[in-house]
Protein chains: 2
Amino acid sequence: MTIYDIAKVAGVSASTVSRVINNKENIKKETRDKVKQILREYNYIPNDQARGLVTRSTKLIGILVVDIRNAHHTDIAFVVEKFLRKKGYCSIILNAGEDESEMCEAIRIIEQRRVDGVLLIGSMFQNKRVKTEIIQNLSHIPIVMANGYIDRSNVYGVLVDEYEGVKKCVDLLFSKGKNNIAFIAKSTTPSSQEKIKGYIEGLKKHNYLEKDIIIIETNNTLKGGYKATQELLMEKKHIDAIIYSEDIIAVGGIQAVKDLGLCIPKKVAIIGVDNTIYGQIISPSLTSLDNKMTDMALQASNILIDDLEGMNHPEKIMLFSEIVERETT
Amino acid sequence: MTIYDIAKVAGVSASTVSRVINNKENIKKETRDKVKQILREYNYIPNDQARGLVTRSTKLIGILVVDIRNAHHTDIAFVVEKFLRKKGYCSIILNAGEDESEMCEAIRIIEQRRVDGVLLIGSMFQNKRVKTEIIQNLSHIPIVMANGYIDRSNVYGVLVDEYEGVKKCVDLLFSKGKNNIAFIAKSTTPSSQEKIKGYIEGLKKHNYLEKDIIIIETNNTLKGGYKATQELLMEKKHIDAIIYSEDIIAVGGIQAVKDLGLCIPKKVAIIGVDNTIYGQIISPSLTSLDNKMTDMALQASNILIDDLEGMNHPEKIMLFSEIVERETT
DNA sequence: TTGTAGGCGTTATCAG
DNA sequence: CTGATAACGCCTACAA
């Protein structure tokens, strides 16, 4: 069913049908009504593909996440998809992986799809190869990075001050009388690097010595958190608080602390980051730094659409994280 | 950058370029090499939109889920997207909501996008309006329903025997000496209806009387599970086991039981469904019916692609669920 | 082995 | 107010 078919039935030209479909002015009411009627009758649905070929727009947004199964990415994907759809766009979601070449591959795919804009979710996309790929092949469409930024004219960044946030976590722990604070992280992401910086600065503020800074590397899983925590606490019995780079690691940590028979938060206090539902499920419930991921995602989509519609926006905006206190502190 | 641009540079016609791009036979090696070289040099990327217009295929798959934030939907989205991408397809994911008209709206959107195939994730899509919508407007492309089925020639169904699964859960509880088993569910989905049937049949097998069947309705949240469980146990103190229609509800249930000071599983045993990560986070860890959601999703995508590539498949296949036993039983 | 011409379903331009 | 006609970028007979 094409506009030609409709045109034939209606006894008008295809252009007229097109005009009716696109609500153009200057059509006789009669004609418009008749065409509309037939459109409905035949349940005509325009072909976005053909339409896009001439309007040079797909109304498609490419959304890249490392792994949608990360709780915060999931929430983001939900919020963003809903928002974009309301604005008339569809979302192509790609799990781009952690590997730089995988990411570039994903970028190339959305490029081939001629998406109207791109959302890069997560700090992981802030690396050299991705940057090069974007400069070379994606400089003609708007890109918004949620939790990241690249200094290019078509790239926007929405960031969260995780640095300040973690510093506040350290403050909170000191205020609770904790003096031996460790940090357990999946450290390979730029976002984690920020958090680590915040941790170190936080400690320094409280006159910590360089040698007392304890940063443990692990992977981003329940098991990773468990193992790292267990090893840490067996070796360094004076530790009385641990901050984790992500909730899921913290949850593993809580389980380890419990298994060691240590009291939370009395013997060991714990703080996670992301404020996911995991924190409400685990017992004791987890104090977590809410890094406003969904706010960020919404801001990001908003900026993207605004740019697409010709509105201006600052290249870079910053959101403020917030500690949600629960039983582990 | 179009094939015409490339053609001009290479000193050949556009069709030759097209042939090279699509790896057609009968091209002089020299020509092919030269064109390929230029293609690379100019970093040419074909326009899928234009291509699809003539091949009548978008290489786009529409994926409808009720809400991608449901843990099992998330896993599915991940697995499916990865799989489809490897096969050369992109995924348009829509959160279709629980409302029938929202669902139909979503269906109309993917229709307009001219997707090559559709994946309907979850039993919720098994309703009259969706069925009508599919029959009227989506009869020309393959549709695979994960955890659902509609009897149409272009619709496949991949199902899990949740009925048998829940029956097995009842058996397990009886074998542990439990005799007063309740069921708490968000009952509005066809899938829940299956589970409820399994619960009832399971009880009947063990000579339960109709009047002792206890089914409590709640919503699909932590809080819902908590409240329903609390109320149930305060009122009926003889209950010694509860099955929940979803893990997240069961997790709320565990918290309620603990808050009431009752021992799990000694006083009250608990079983969830979905085998999500929540079950590993909560303490005591949750026994759960693994309904093989990701297997199902993979099967579903596989069938979809096979159909698209002209291969045959049975209209309907069934997977077997499996109890993963942990501390709550 | 290669080029020409036509068409996929729309929208946009320009006459009328 | 409406209708031809030409793009959009690509693929595919058919012809050469």
Side-chain angles (χ1 to χ4, degrees), chain A residues 1-39 42-60 88 90 110-116 137 140-141, chain B residues 1-39 42-60 88 109-116 137 140-141:
Chain A
M1 187 57 50
T2 74
I3 51 171
Y4 277 92
D5 301 322
I6 300 292
K8 203 179 297 171
V9 179
V12 298
S13 76
S15 329
T16 300
V17 177
S18 174
R19 287 189 190 100
V20 173
I21 292 169
N22 294 293
N23 286 315
K24 302 278 182 195
E25 320 264 290
N26 300 328
I27 298 192
K28 215 197 318 179
K29 187 170 179 326
E30 272 173 59
T31 318
R32 185 188 297 275
D33 288 347
K34 185 173 60 183
V35 172
K36 273 201 168 162
Q37 153 72 21
I38 293 169
L39 247 17
Y42 284 78
N43 189 28
Y44 169 83
I45 296 188
N47 185 326
D48 276 342
Q49 220 173 358
R51 189 180 258 182
L53 194 56
V54 32
T55 61
R56 329 193 116 264
S57 145
T58 52
K59 291 279 178 179
L60 242 30
C90 269
I110 54 162
E111 196 190 340
Q112 180 155 357
R113 294 291 175 171
R114 299 299 192 274
V115 296
D116 288 352
N137 302 321
H140 55 295
I141 55 173
Chain B
M1 187 57 50
T2 74
I3 52 172
Y4 280 91
D5 301 321
I6 299 292
K8 205 178 294 171
V9 179
V12 298
S13 76
S15 28
T16 301
V17 176
S18 173
R19 287 187 191 104
V20 172
I21 292 169
N22 295 292
N23 286 315
K24 302 281 180 191
E25 319 266 289
N26 300 329
I27 299 192
K28 215 197 317 179
K29 185 169 182 326
E30 272 172 61
T31 317
R32 184 189 299 273
D33 289 347
K34 186 173 57 183
V35 172
K36 273 199 169 164
Q37 154 72 22
I38 294 170
L39 247 18
Y42 284 77
N43 190 28
Y44 168 84
I45 296 187
N47 183 326
D48 276 342
Q49 219 175 358
R51 189 180 257 180
L53 195 55
V54 31
T55 61
R56 325 193 121 265
S57 145
T58 51
K59 291 277 178 181
L60 240 33
I109 287 173
I110 54 164
E111 195 189 340
Q112 180 155 353
R113 294 290 176 173
R114 300 301 193 270
V115 297
D116 287 353
N137 301 321
H140 55 296
I141 55 173

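Every value quoted in this text rests on a predicted model; they were computed, and no experiment measured them. Proteins get letters first, then strands, A, B, ... in listed order; numbering begins at 1 in each.
In this structure, B:Ile6 and B:Met1 have side chains that are in contact, with non-hydrogen atoms separated by less than 4.5 Å. Using a 4.5 Å heavy-atom cutoff, the side chains of A:Val20 and A:Val17 are not in contact. B:Arg113 places a side-chain heavy atom less than 4.5 Å from the side chain of A:Lys59. Taking the side chain as every heavy atom from C-beta outward, B:Asn23 and B:Arg32 approach each other to under 4.5 Å.
For B:Thr2 against B:Tyr44, the heavy-atom pair with the smallest separation is C-CE1, 3.8 Å. Between A:Leu53 and B:Ala50 the shortest heavy-atom distance is CD1-CB, 3.5 Å. Scanning both residues, B:Ala7 and B:Ala14, for their nearest heavy atoms gives CB-N, 3.6 Å.
On the nucleic acid side, DNA chain C contacts chain B at distances under 4.0 Å to non-hydrogen atoms, with the end points of that region at C:dT1 to C:dG9.
Axis angle across the helix from C:dT1-D:dA16 to C:dG16-D:dC1, with five pairs used at each end and values rounded to 10°: 40°.
No side-chain N or O of A:Thr55 forms a donor-acceptor pair with one of A:Ser57 less than 3.5 Å apart.
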Query raised in the report: How does protein contact run along nucleotides 8-16 of chain D, one letter per nucleotide 5' to 3', with B for base contact, S for sugar-phosphate only, - for none, heavy atoms under 4.0 Å?
Result: BBBSBB---

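Distance check, rounded to the nearest 0.5 Å: CD1 of A:Ile38 to NZ of A:Lys8 gives 13.0 Å.
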**Report entry** Full working for side chain to side chain contact (heavy atoms under 4.5 Å, CB included) between A:Thr58 and B:Gln49
**Finding:** CA-CA 8 Å; A:Thr58 52; B:Gln49 219 175 358; 3.3 Å; yes

